[in-house]
Structure formats: structure tokens, C-alpha cells
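Take a look at the structure set out below.
Below, read A as the first sequence line, B as the second, and so on, with proteins coming before strands; counting in each chain starts at 1.
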Number of protein chains: 2
Amino acid sequence: MAESRNVGVTGASRIFDMLRQDLLDGRFAAGDKLAISALRDHYDVSLSPLREALNRLAAYGLLEQENQRGFRVPRLSREELDDIMTMRKALEGMALERAILQGDAEWESHLLAAAHRLKRADEAGLTGNEWEALHAEFHHTLVRPCGSVWLLRFIAQLHDQFDRYRRLAPAIPEIRCELDRQHGELMTLALERSVEGARELLDDHIQLSYRVALGSCGEQTT
Amino acid sequence: MAESRNVGVTGASRIFDMLRQDLLDGRFAAGDKLAISALRDHYDVSLSPLREALNRLAAYGLLEQENQRGFRVPRLSREELDDIMTMRKALEGMALERAILQGDAEWESHLLAAAHRLKRADEAGLTGNEWEALHAEFHHTLVRPCGSVWLLRFIAQLHDQFDRYRRLAPAIPEIRCELDRQHGELMTLALERSVEGARELLDDHIQLSYRVALGSCGEQTT
DNA sequence: AGTCGAAAAATAATCGATTTTTTAATAAAT
DNA sequence: ATTTATTAAAAAATCGATTATTTTTCGACT
């Protein structure tokens, strides 16, 4: 047994995590209303913790809440994706710059490790939530020492938003290959403390991801 | 009567609004645990909608939630205030620049109106939530046409965070007077489409506000 | 045929009570 | 005197049922 006791886990927090994952995985159709009693059955939990989780997700931006008529999955739009992409460039660029200036030796090892794990996962052809976790971890490690809790919070939120689009979009192997390559190069530039180079590459990286993500909006790549 | 029916208002949404106001007003001591049953009595509502509101506020960042041990009002720290101030400069500066480039004639009139109302309120010595509402409205109007829903969302969130500090701090009449003056000048520069001038002034404005807000951390002004 | 309105069904929101977990109080032991 | 174990009290989380609101259905009427 991993633990004798589920310390610090409530029904609501458990459902929040599961629902968040399922929303990022695109298990619910965009625009759909969530059938609360169906969720109740599916996750085998009572209404109170379920509704608490839904309220958190709505405040976080992964659900829309309309008083007296429940919760729905936000629609996807080209305009919003553009917004998210632009904000990612601005905020992650800012964070990366600061991280490169402030990151210490321990950051270097964490970054090296995260990049390595991601590379091995790429080579092994790993997909799904395992790969997603390593990918998110790499990007988070990259900007972690930026020194701003609020900046990291906003970046994480934008990542979740972006992922709704990206994970739904059809894969484009050539781009995916280039994206994988960029992860390694981002690490290299960061370790070299090359602020300008890293920022430019991160911009390219987000732009390339965006071209993939566009596939979820029924638009062609630019 | 204003409305024949409370359209689109639930107990939870009502409590959310009231609690948010009370948190910004500093009605709860930072670091304190919220006594849920006391809140239940005070706001005269049942546990379910109350807990839903608390969950929203925690996801929004105005409360901290620890599983199995309820909700508490986040502590105030000089470090966090610095973070919030720095992020406000970055995000509002970005938004203002975009707003000035994209704002149309209608924006100009709204901005003029908001600045006028705020000025009249200043002259009339208005204080409390009425002044706060006009002040928030002015700053929101200033950046509204920036074109990014997410940017506006983050800015609003940071404003709420900043206000927890500012409203708690002792007033400094000379600074307050200068801040009032800056509002008018910000409007002028924005209407003149002076991107650089407006950005610089907004930076100064936030910095000056920050000097006031520091008073809530038991620190002297810098 | 289409529109309007009443009744029925479905869904959301809320309530009061119960269960679980944490915190505080007390006593026993080193 | 401090620590540890036990119990009592308090608080948080959850449950099942009830109430309020919205949505759908159905039939009368134009």
C-alpha cells in the first residue's frame, strides 16, 4: 500500500483533479452542458463535493457557470486561441528571462533532468497523459525560478487553456518532431544563460505549437 | 422597485460577491481561519451555497483552502506585494499600450466619462466603496480595449489582490492627492495616443500606489 | 401550420442532518 | 516537567431529501 491514509484529499479535491484532467483530455464536447447527475454517477460521489469541484473549475476558467442553469464546457474559438497564444508568449517570455537571470545551480540540474526525461519519452514514443505530464513538467521547470508566484500561476492557467486546443487537434508529425527538438535546444540556451536566444526560441516554440493547436478550430495552419 | 425578479442570482453568487467585498474591505484579519458556521449565521444562508462561494474565492485567490481544515484569509507579505506590484506594471502596461493602439471613439468617451466621475468623487471627498467602485471602473476602462480577455482577467485579479493591501494601509494625503492628479493625466495621455508617455505614467502611478500599500505590511515607504 | 400558455418533467440550487476528521482537553506515564 | 495516549468537543465534509427554477411537452386557439 502506498499510504495508510489519504492525507489531505477530500472528495471535492479528488473530483476537481479528475474533472480537470478529463476536460484537458477533451472527454467532454466543447459547448456541452455538464449533466450533473450523470457526473455524480460516473465519479461516484455526492452532489455537494461535486458542485464544489465544479465551482472551483469555473473560477479557474475550465468551465463556464451560468446562474440557475448549471455548468458548461467553454466553446473553442480561433479568437480565444490567438489570445491564449499571445499571452503565453508575453508571460512565458517574461518568466523565462527572469528565470535565466535568477536560476541557480539546482535549477540547472532540475532542468537538465526534466529535459532528459522528456527526450527519453519522445524517443520511446510515449503518448497520452504520461507524456503530457513530462511535457508540462519541463515547461514549468524552465520558468520556475522567475521569482513571481502570480506569474507562474497565470502561466499554468494559460497552459491548461492552451492544452484544451492542442490535445484536441490532429497530430502533425513533422511539427511534433521539430517541437521535440526545440525542447532540448531551449534547455541548452537556458543553461548557457542566453536570454535573447532563449526568448526567441520560446516564441517560435509557442508559435509552432499554436499551428498545431489551430487544427482544433477547423482552420488551416498559417 | 429595481427589478421584479432576481434574475440570475443564486445564493452562492450573492455570497461570493459579498464575501469578495468584505475581503477587499479587510473585514477579516489576514491569516485568520474563516468560521464557516459564523458566516452561515452572518449571511443567513445554508452551508451548500456558502461553501460553493468559498470554493470559488479560493480558486480565484482571495482565500486559501487546505483540505480537511477549511478556509483562511491569506497572509499579507511584503514579498507578495512586491510581486503583485511588479506584475501589475507589466500586465497593465502591456494592456494600456494595446488599448491606446486599438481603442476607438467610443472608448474615448467612456474614458472621459469615467475620469470625470472619478474626479468629481475626489473633489467631493467621497470615500469607501463608492469611491472604490469609480476608481476600479476608471482603471478598467483605461485598458478595456486591449483586445485580450485573458489579460483583462489577470489584471482584474491582480487589482483585487493589490486592493487587499492598499485599503488596509493608512492614508497618505499628499500621495493620495498626487494619485488623483495622475488619473486625469493618464486619461489625457491615453486620449492623445501617447503610448510611451502613458506607460511611464502608469508605472509611476502603480509605484506610488505601492508606496501607500506598503503601509499595510508595517514597512516604511521607499 | 404556427403561436401562445398551461402543465409536466427535468434540472439546478438549497436545506438540515449525518459522518468524518481535526483540534482541544485531559489524564497517564516516563 | 514534558511527553504520549485517550477522550471530548469542534469543525469540515458529505449525504439524501426538499425546494425553486428552467426546460420540455402538449393542447387550445388564431
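- Between Arg167(B) and Glu132(B), at least one side-chain nitrogen of the basic residue sits less than 4.0 Å from a carboxylate oxygen of the acidic one, meeting the salt-bridge criterion.
- Atoms CG (Asn55(B)) and C1' (dA12(D)) sit 12 Å apart, rounded to a whole Å.
- The distance between atom CZ of Arg72(A) and atom C1' of dT22(D), rounded to the nearest whole Å, is 13 Å.
- The pair Arg117(A)-Glu130(A) fails the salt-bridge criterion, with no side-chain N (NZ, NE, NH1 or NH2) lying under 4.0 Å from an Asp/Glu carboxylate O.
- Rounded to an integer number of Å, the gap from CZ of Arg14(B) to C1' of dT14(C) is 12 Å.
- Between Arg166(A) and Asp163(A), at least one side-chain nitrogen of the basic residue sits less than 4.0 Å from a carboxylate oxygen of the acidic one, meeting the salt-bridge criterion.
- Separating the CG atom of Asp44(B) from the C1' atom of dC15(C) is a distance of 12 Å, rounded to the nearest angstrom.
- Straight-line distance from the CZ atom of Arg40(A) to the C1' atom of dC15(D): 10 Å, rounded to whole Å.
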If a protein heavy atom is under 4.0 Å from the base, mark B; if only from the sugar-phosphate, S; if neither, -; do that for nucleotides 8-13 of chain C going 5' to 3'.
-> ----SS
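- Salt-bridge annotation for Glu52(A) and Arg51(B): present, with a side-chain N of the basic residue lying under 4.0 Å from a carboxylate O of the acidic one.
- The pair Arg164(A)-Asp160(A) fails the salt-bridge criterion, with no side-chain N (NZ, NE, NH1 or NH2) lying under 4.0 Å from an Asp/Glu carboxylate O.
- For the pair Arg69(B) and Glu64(B), the salt-bridge criterion is not met [side-chain N within less than 4.0 Å of a carboxylate O].
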